[in-house]
Enquirer: 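Sharing a structure below in structure tokens format, with a few things to ask.
Sequence lines set the chain letters: A, B, ... in the order given, protein chains first and strands last, and positions in each chain run from 1.
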Amino acid sequence: PVQPPMRNCLICSVQISECHLGVDCCLACSAFYKRTINLNKESLKCKMGTDDCTEFKAISSCRKCRFLKLCEVLEQSANPSKDQETDK
DNA sequence: TCTCAAGGTAATG
DNA sequence: CATTACCTTGAGA
Ligand SMILES: [Zn+2]
Ligand SMILES: [Zn+2]
């Protein structure tokens with residue numbers, strides 16, 4: 001098959017050159033992650049209140065949903081759930 | 001020793 | 001004020 005020379009951000013799928021935070025994420029997401037934590041992520045609130053802004057666009061304009069998707073990718077990469085592989 | 005990854009800062013909209 | 005891109009240092013092979 002084909003092995004892409006470069007990777008893409010698992011959060012916003014932008015083309016990246018290096019990995020960050022332990023996952024294939026772009027500079028923006030890595031900076032956003034630290035930034036959100038440095039502020040107090042619990043203070044964030046969904047723009048709509050539905051928590052699914054990431055379902056409409058690759059990257060949500062609301063900090064909460066953006067951080068939510070970021071967390072999902074982070075734990076999925078950090079937690080290779082042995083029960084998640086349907087064919088392993 | 002060299003390369004990859006992580007973390008912080010600076011500039012712009 | 002928040003977001004994005006670059007630079008520097010540390011660890012691993
Ligand atoms: Zn990204
Ligand atoms: Zn949202």
Side-chain angles (χ1 to χ4, degrees):
Chain A
V2 301
Q3 185 63 346
M6 283 232 185
R7 279 147 291 206
N8 302 77
C9 177
L10 301 174
I11 296 84
C12 51
S13 2
V14 297
Q15 218 255 313
I16 60 177
S17 357
E18 303 94 45
C19 295
H20 291 277
L21 305 172
V23 300
D24 285 7
C25 81
C26 61
L27 285 162
C29 288
S30 58
F32 183 73
Y33 179 69
K34 295 181 290 185
R35 179 177 257 286
T36 307
I37 287 165
N38 266 279
L39 289 169
N40 180 20
K41 53 196 191 247
E42 308 233 303
S43 283
L44 298 175
K45 209 179 79 165
C46 182
K47 192 173 140 185
M48 295 181 177
T50 167
D51 267 42
D52 66 337
C53 302
T54 45
E55 302 288 290
F56 312 136
K57 235 140 100 156
I59 189 69
S60 32
S61 32
C62 89
R63 282 121 211 129
K64 188 179 177 187
C65 289
R66 192 180 185 177
F67 187 73
L68 288 174
K69 183 142 186 177
L70 183 39
C71 286
E72 277 179 59
V73 175
L74 290 182
E75 57 185 79
Q76 266 179 32
S77 301
N79 292 305
S81 312
K82 53 182 180 156
D83 197 68
Q84 189 135 94
E85 293 291 295
T86 174
D87 176 51
K88 181 78 190 307

Enquirer: Find the distance I59(A):CD1 to dA2(C):P and express it as a whole number of Å.
Expert: 16 Å
Enquirer: Which of these nucleotides, dG7(B), dA2(C), dT4(C), is closest to any side-chain atom of A28(A)?
Expert: dT4(C)
Enquirer: Specify the separation, in whole Å, of atom CG of L27(A) and atom C1' of dG8(B).
Expert: 12 Å
Enquirer: Can V73(A) be reached from L44(A) by stepping across I, L, V, M, F, W or Y side chains whose heavy atoms are under 4.5 Å apart?
Expert: yes
Enquirer: Rounded to the Å, how far apart are L44(A) CG and dC1(C) P?
Expert: 16 Å
Enquirer: How long is the line joining CD1 of I37(A) and P of dA2(C), in whole Å?
Expert: 16 Å
Enquirer: How would you list all residue pairs meeting ring-ring contact (aromatic ring centres under 6.0 Å, His included) that involve residues 19-40 of chain A, not counting sequence neighbours?
Expert: Y33(A)-F67(A)
Enquirer: Nearest to the C19(A) side chain among dT4(C), dA5(C), dA5(B), which nucleotide is it?
Expert: dA5(B)
Enquirer: Of the candidate nucleotides dC6(C), dA5(B), dT4(C), which contains the atom at the shortest distance from the side chain of E18(A)?
Expert: dA5(B)
Enquirer: From dC6(C), dA5(B), dA6(B), pick the nucleotide closest to the side chain of H20(A)?
Expert: dA6(B)
Enquirer: Could you tabulate the donor-acceptor pairs under 3.5 Å formed by side-chain atoms of residues 50-62 of chain A, not counting sequence neighbours?
Expert:
unit_1, atom_1, unit_2, atom_2, d
T50(A), OG1, D52(A), OD1, 2.7
D51(A), OD1, K64(A), NZ, 3.2
S60(A), OG, R66(A), N, 3.0

Enquirer: Give the rounded distance in Å between these two atoms: CZ of R63(A) and P of dT4(C).
Expert: 10 Å
Enquirer: Does any non-hydrogen side-chain atom of C25(A) lie less than 4.5 Å from one of C19(A)?
Expert: no
Enquirer: Nearest whole angstrom, please: distance from the P of dG7(B) to the OH of Y33(A).
Expert: 9 Å
Enquirer: Could you state the CD1-P distance from I16(A) to dC4(B), rounded to the nearest angstrom?
Expert: 13 Å
Enquirer: Is I37(A) reachable from L68(A) through a run of I, L, V, M, F, W or Y residues, each pair having side-chain heavy atoms under 4.5 Å apart?
Expert: no
Enquirer: Could you state the atom-to-atom distance from CZ of F32(A) to P of dC1(C) in whole Å?
Expert: 17 Å
Enquirer: What nucleotide among dA6(B), dT4(C), dC6(C) has an atom nearest to a side-chain atom of A31(A)?
Expert: dT4(C)
Enquirer: Please pick, from dA5(C), dA6(B), dG7(B), the nucleotide with the shortest atom-to-atom distance to any side-chain atom of K34(A).
Expert: dG7(B)
